[in-house]
Amino acid sequence: MESYESEKRFPANPEDYKLYEEIGEGVSATVYRAHCVPLDKIVAIKVLDLEKCNNDLDGIRREVQTMSLLHHPNLLRAYSSFTSGHNLWVIMPYMSGGSALHIMKNSFPEGFDEPVIATLLREVLKALVYLHYHGHIHRDVKAGNILIDGNGAVKLADYGVSACMFDTGDRQRSRNTFVGTPCWMAPEVMQQLHGYDFKADIWSFGITALELAHGHAPFSKYPPMKVLLMTLQNAPPGLDYERDKRFSRSFKELVATCLVKDPKKRPSSEKLLKHPFFKHARSPDYLAKTILEGLPPLGDRFSDLKAKEANIIHNKLANGDMEQLSQQEYIKGISGWNFNLEDLKAQAALLDSAEEGFNPESTYNGVNKVKRNFNLRPASSFSEITNPPGSYTSGEDGIQDIPDWDGQFVSAFQGQNLQALKACFDVCEDESTACNLSPKGLSTPESLSPLRQSGQFTPGSSSPNVQVQPSTSDVLSPLRQPAGSQHVNTQTSGISNCENSASMERSASVPSNITNMVGIQKFPSGSLIPDHVLSPFRNAAAENEREPLHHKHLHSKNYNHSGPLLHHSLKRDPLKITSEERAQGTIVEQRGRFKVTKQDSISKVPSSANLKAGPVSKPPTGATVNSNRILASLQFLLNQNAMQKEEINKIITCVEQNPGLHKDSFDGAIELSQAQQFIAPITEKEMHAQLAILQESVLNLSEELHRIKLKNAQLEQQIKALTKRDR
Ligand SMILES: Nc1ncnc2c1ncn2[C@@H]1O[C@H](COP(=O)(O)OP(=O)(O)OP(=O)(O)O)[C@@H](O)[C@H]1O
């Protein structure tokens, strides 16, 4: 690695650089190959038009600072950065191979071979281990951000959307909480339900693995909103057993391990690095030989690609093929898919427009092309659409697993659409508490306001006064622990704790030079995401804070005024068994507040999983996206839970009264009648064990009920907000 000292000498004056051809383009920047005249060195210069960046200066500042402060052979760093007029120049090493995406587009449209993929991914993973260890989430891992130099060295680039887990206060509260690029974005990032952490990068890493394997990311041909829905609803994409025969089992397993919807079930970057798949990884030389040899110069490749792209856009525009245009955004290899908040709001408005139905295809860039209606089904929980690891989809990227959009896609999304779109509506009910939610001991100097604290945006220089050099005082902030990290003591606090880090267990993949970075644990970078999404600590606290709010909301809610909720359920007395129901024999019993249907009476006591997949997912008929139905469904779900709880109580009572029940009868769900038949003698000890199991499941169910209640309350709030907004 080049020495930091020599890098510091890169001049901060545009006149010292001679710009050559364009080698890349991003949403906000153009990248050039350039010559640093005083040092006689070829570099890459990213030129950002700050005027175009509007209010994302904080993001830019974060990117540049992160690039300057982090040192790892697999991370692209900034040699220097400075403003020139209204532009920000970021001087970087020139990566002559370009991005993995550009290489694929140029010569490997069907994706790379496995050893190449393993080599690329291993290097990226090393960068992630380092980032995560230092409390950063990259948030935009994708082939377009994997750069390769002429020797085959791999560097992860683009910190435009990276976040520091330890940011607090105002920096957490930007409204733009959707960050990253939809195809690569983890479901929890889209959902914004319980926040997200390092595991979001693991999901993106898994998607990147598929991208490198196929030449494109799953769902890449769809517009952002559709990608969002598919990611939330569909089984996670994966390598297909049949179609992807050329890939090893360990690769398939690696992808499946990363693409688990429940972030808790995804491995950490460090653990993932130990995956047997990486035994296939080779040296950088191998990459140079296999994928770089014979490639035209980067500038030529880039201009060819641009010309091709312009051509396709022209044709597609002529044909009105907007979906293909969306694919174009992907081909560009940039984050052209970064959510545009305004677009999403417009899309959300469509979603909410009950009478019209929602057509995802009509939402790309606001173009209303095809009209389709969707039937909504009752809400499903996030875990309902969570696939067990290892379950590969049957078709290409799971795309053919996508059910008929007309009817089913909303089934999972419905429970989440409002959650998923929450971020678009600046719903930050706990804003007032957000700043206070930082984990104990993880204080952040609040004086470090987003721009001032950078120390680089020096007053006096041209607007917006950007002069980026690492500032020691800024970086020597308290040691921050990556939430969820297995290394760091969560109680660490204050600068003194920097010393603690020396004794911390370190990954073999973390280079020894990072010990010099001990002080650089906290970056004064801003964050686009609210406090509660950044850290499990804060998250937990935030949840605690929220809980009473939700309760309050629930309790203070006069259901007679809730309108939509009662539209279905309370049109008539729901507790009264109608003569029609009796005649049909559908309702067999009135239990407390609930009616028991035939189906209920014969149904087994569900496990938690059964519960989620149970009758709740039956769709109501009708094609309108209607808050009434959502709430009615939630009500139904609550009722179901209560009934199931009741069943379990009965079984417990039965067990207590029949000391001869056999243990096997408790494996999974049992029927009360069945339970009563088991009168085989068992010991008192076994009985207690069985009781404990049952009690635990009652507890689980109560917890689930509680969770659903909270969700219900949130949904109500969101519907209220939506309704208000529509008026
Ligand atoms: N140091 C570099 N050497 C060679 N090519 C580079 C370098 N940095 C960036 N590029 C190329 O330029 C493209 C755009 O750069 P970059 O991703 O940093 O811009 P951006 O505006 O941040 O893009 P994004 O849309 O991903 O946010 C990259 O995809 C890559 O192909």
Side-chain angles (χ1 to χ4, degrees), residues 2 7 10 17 19-36 41-50 52-54 56-57 59-64 66-68 74-81 87-106 138-162 176 178-185 204 208 211 217 224 292 295 297-306 309 328-340 528:
E2 292 153 276
E7 287 163 14
F10 277 83
Y17 297 91
L19 294 189
Y20 298 136
E21 74 278 6
E22 211 177 303
I23 52 170
E25 207 173 54
V27 168
S28 49
T30 307
V31 185
Y32 300 90
R33 188 171 71 92
H35 181 223
C36 172
K41 192 172 166 82
I42 293 293
V43 291
I45 301 183
K46 183 167 168 171
V47 179
L48 290 109
D49 185 340
L50 294 169
K52 277 194 202 155
C53 300
N54 293 325
D56 194 31
L57 291 180
I60 296 162
R61 177 188 53 77
R62 182 175 53 246
E63 171 170 11
V64 172
T66 311
M67 281 180 83
S68 310
N74 296 113
L75 283 177
L76 187 71
R77 60 168 317 223
Y79 289 141
S80 167
S81 51
N87 291 324
L88 171 68
W89 287 39
V90 184
I91 318 295
M92 310 172 278
Y94 173 58
M95 305 294 283
S96 63
S99 74
L101 179 68
H102 277 171
I103 297 171
M104 282 196 295
K105 294 296 161 204
N106 191 83
H138 186 282
R139 301 203 285 185
D140 206 14
V141 177
K142 57 181 183 179
N145 285 333
I146 302 174
L147 301 184
I148 301 154
D149 76 8
N151 301 318
V154 176
K155 290 181 198 286
L156 184 58
D158 204 348
Y159 300 87
V161 292
S162 79
N176 186 5
F178 267 62
V179 287
T181 315
C183 287
W184 292 261
M185 195 181 276
S204 309
T208 304
E211 186 187 10
L292 298 182
L295 279 181
L298 181 56
D300 294 352
R301 273 184 278 147
F302 177 72
S303 55
D304 280 357
L305 204 64
K306 225 175 149 182
E309 187 184 295
Q328 255 335 98
E329 288 299 312
Y330 175 80
I331 291 170
K332 274 166 81 180
I334 58 167
S335 303
W337 285 42
N338 276 345
F339 282 115
N340 174 325
L528 295 175

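Keep in mind that the numbers below use all heavy atoms, side chains included, and drop hydrogens, waters and symmetry copies. Counting convention: from 1, in listed order, for ligands and their atoms alike.
Under 4.0 angstrom from ligand 1, the non-hydrogen atoms of E25 all belong to its backbone. Only backbone heavy atoms of P93 (N, CA, C or O) come within less than 4.0 Å of ligand 1; its side chain stays farther off. Both the backbone and the side chain of M95 come within contact range of ligand 1, each with a heavy atom under 4.0 Å. Proximity of A29 to ligand 1, defined as any heavy-atom pair under 4.0 Å, is shared by backbone and side chain alike.
Heavy atoms of G144 approach ligand 1 to within less than 4.0 angstrom.
Set against the non-hydrogen atoms of I23, the atoms of ligand 1 under 4.0 Å away are 4 (C), 5 (N). Remark: ligand 1 atoms within the under-4.0 Å shell around heavy atoms of N145 are 17 (O), 26 (O). Proximity to L76 (heavy-atom distance under 4.0 Å) selects the following atoms of ligand 1: 1 (N). Near A44, with a cut-off below 4.0 Å to any heavy atom, the atoms of ligand 1 are 1 (N), 2 (C), 3 (N). Using a 4.0 Å cut-off to heavy atoms of G24, the atoms of ligand 1 that qualify are 11 (C), 12 (O), 13 (C). Shown in contact with H102 at under 4.0 Å from a heavy atom are these atoms of ligand 1, numbered in order with element: 31 (O).
For E22 and K306, the salt-bridge test passes: some basic side-chain N is under 4.0 Å from an acidic carboxylate O.
A donor-acceptor pair is defined here as one N or O able to donate and one able to accept, closer than 3.5 Å; no such pair exists between the side chain of S204 and the backbone of D140.
For R301, there are no side-chain hydrogen bond (donor to acceptor under 3.5 Å, both in side chains) partners two or more places apart in sequence or in a different chain.
When the heavy atoms of V31, T30, I91 are ranked by distance to atom 10 (N) of ligand 1, first place goes to V31. When V47, L147, I45 are ranked by how near their heavy atoms come to atom 6 (C) of ligand 1, first place goes to L147.
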